Amino acid sequence: MGVVEGLLALALVLNVVVVSNGGKSSLFIRKTKKTVDMPLGSDVFSVPRGYNAPQQVHITQGDLVGRGMIVSWVTMDEPGSSAVRYWRGKNGKKKTAEGKMVTYRFFNYSSGFIHHATIRNLEYNTKYYYEVGLGNTTRQFWFVTPPEIGPDVPYTFGLIGDLGQSFDSNITLSHYELSPKKGETVLFVGDLSYADNYPNHDNVRWDTWGRFTERSVAYQPWIWTAGNHEIDFAPEIGETEPFKPFSHRYHVPYEASQSTSPFWYSIKRASAHIIVLSSYSAYGKYTPQYTWLEQELPKVNRSETPWLIVLMHSPWYNSYNYHYMEGETMRVMYEAWFVKYKVDVVFAGHVHAYERSERVSNIAYNIINGHCIPVKDQSAPVYITIGDGGNLEGLATNMTQPQPAYSAFREASFGHAIFDIRNRTHAHYSWNRNQDGAAVEADYIWFFNRFWYPVDDSTVYVSH
Ligand SMILES: *[C@@H]1O[C@H](CO)[C@@H](O)[C@H](O)[C@H]1NC(C)=O
Ligand SMILES: *[C@@H]1O[C@H](CO)[C@@H](O)[C@H](O)[C@H]1NC(C)=O
Ligand SMILES: *[C@@H]1O[C@H](CO)[C@@H](O)[C@H](O)[C@H]1NC(C)=O
Ligand SMILES: *[C@@H]1O[C@H](CO)[C@@H](O)[C@H](O)[C@H]1NC(C)=O
Ligand SMILES: *[C@@H]1O[C@H](CO)[C@@H](O)[C@H](O)[C@H]1NC(C)=O
Ligand SMILES: *[C@@H]1O[C@H](CO)[C@@H](O)[C@H](O)[C@H]1NC(C)=O
């Protein structure tokens, strides 16, 4: 065999796919090396130089419509200033937004001084510089605000979940940064630092995670979803306030969407309406989350934001033998709404692998009629599990067999995805596996908008 034929044969072996009555189960041969956390002395965790220098800088959308930004950072030596200075372009007039400082204790860990400042009334589609650490060592960053909300505004979202801080996490983040698709905002589906896997939930690993991810999240907003690794419920060491480290460190603009809790909320950005739900807060009938979602869905205006995207941590459709059916009770509560309001896509994490569903629903069952199997439904969302960020717990490799009909494609590899909205009818979606180059799309489909162009888009599945 020549070199070229050899490579082709290898490619065929690597991309072998098992086809069952369901979709495809990729048997891509991935590395089997153990997933380990980067040691504390790693380059990605280095502390910025200078007295009281701000670290763990991160930004997220700070209002409902994309004209606000919450800027957060931590100082270690003294509280310092909670204000952020910001200006347009290179030489715009400098303004200051005042923030607030919080601290918390977790068992025997004392946090640094955590600052949150919200910048408001930003111009759309504009590059802003900002500076934190005023009065001590300052550090400067920048971000670009989204275009004004509108139905045909192109916009590119990255999808990352269950990231952690292993060597694989670093590859996932690097691939996202190097992607030719150039994601503008990350939709993060929960499980950030995995500090809770350390003795006493060693919160030092929350600090290292903040320093590791700063290189992306200081420059573009990450939209936060709470996962089970954010709960940090540890009564054995006297820690009984759920989500304590997460909610002190990561703020979200929940009040802008009339939510009463930071764990469920919505934002509008470019041509998308994004709803974030909490798998780990009460969601039964009459609960605050239920009532909020019931009022939220009718507010979505598809003429303004054609794309309706939902984020949650625990997937409703998951055919791996990990966390199997954990999302089932929430599905029972809300799935009929998702079909009624024609949600385009639901992204979840939790399972450390990749999976994309067909458009299916399972809402006909009423205990006695026997209709308990998911059926193809063109009003239903596509469900995507993107919990493959690369955390220290390793890959979920054990799949249920045979592959159920609702599962279109699944593969146990680390990676990230891109949801690239082109206009009100079309979005190009792609998944990158870490073992390929950052530009390779190992799974990709065109999404046709459920409101504006609700034709069968399963016919354009081109996965391999
Ligand atoms: C917290 O307690 C653990 C276990 O007793 C110990 O190893 C660690 O050094 C302590 N950390 C601090 C900051 O005191
Ligand atoms: C650090 O900054 C704060 C806030 O501006 C200021 O009050 C403090 O004096 C500064 N500390 C030093 C050592 O310069
Ligand atoms: C993490 O990735 C970055 C960018 O690719 C690289 O510069 C750095 O050395 C990596 N660090 C570790 C510990 O793998
Ligand atoms: C929906 O958005 C469109 C476009 O911005 C606007 O003209 C229309 O009034 C909105 N509909 C409602 C019910 O608010
Ligand atoms: C995969 O999971 C199933 C169901 O939990 C279990 O019976 C089986 O032994 C597992 N297979 C492997 C290889 O771990
Ligand atoms: C929307 O984008 C798709 C994909 O780029 C393109 O084929 C289609 O023509 C666009 N529609 C309009 C109305 O421009």
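Both counts, for ligands and for their atoms, begin at 1 and track the order of listing. Because the structure is predicted, anything quoted here is derived from the model rather than measured.
- Thr291 meets the side chain to side chain contact (heavy atoms under 4.5 Å, CB included) test with Gln295; sequence neighbours excluded.
- Closest non-hydrogen pair, Met38 versus Ser42, comes out as CB-OG, 3.4 Å.
- Between Pro306 and Asn449, the shortest heavy-atom contact is O-ND2, 2.8 Å.
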I'd like the atom pairs linking ligand 4 to the protein - N or O on both sides, separation under 3.5 Å - with distances to 0.1 Å.
from: ligand 4; atom 1: 2 (O); to: Asn301; atom 2: OD1; distance (Å): 3.4
from: ligand 4; atom 1: 2 (O); to: Asn301; atom 2: ND2; distance (Å): 2.3
from: ligand 4; atom 1: 11 (N); to: Asn301; atom 2: ND2; distance (Å): 2.9

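- Side-chain contact check for Thr385 and Asn318: no donor-acceptor pair (N or O, by modelled atom type) lies under 3.5 Å.
- In this structure, Arg433 fails the cation-pi test against Phe414, since its NZ or CZ atom is not both closer than 6.0 Å to the six-membered ring centre and inside 45 degrees of the ring normal.
- Remark: the Ser278 side chain and the Gln289 side chain contain no N/O donor-acceptor pair separated by less than 3.5 Å.
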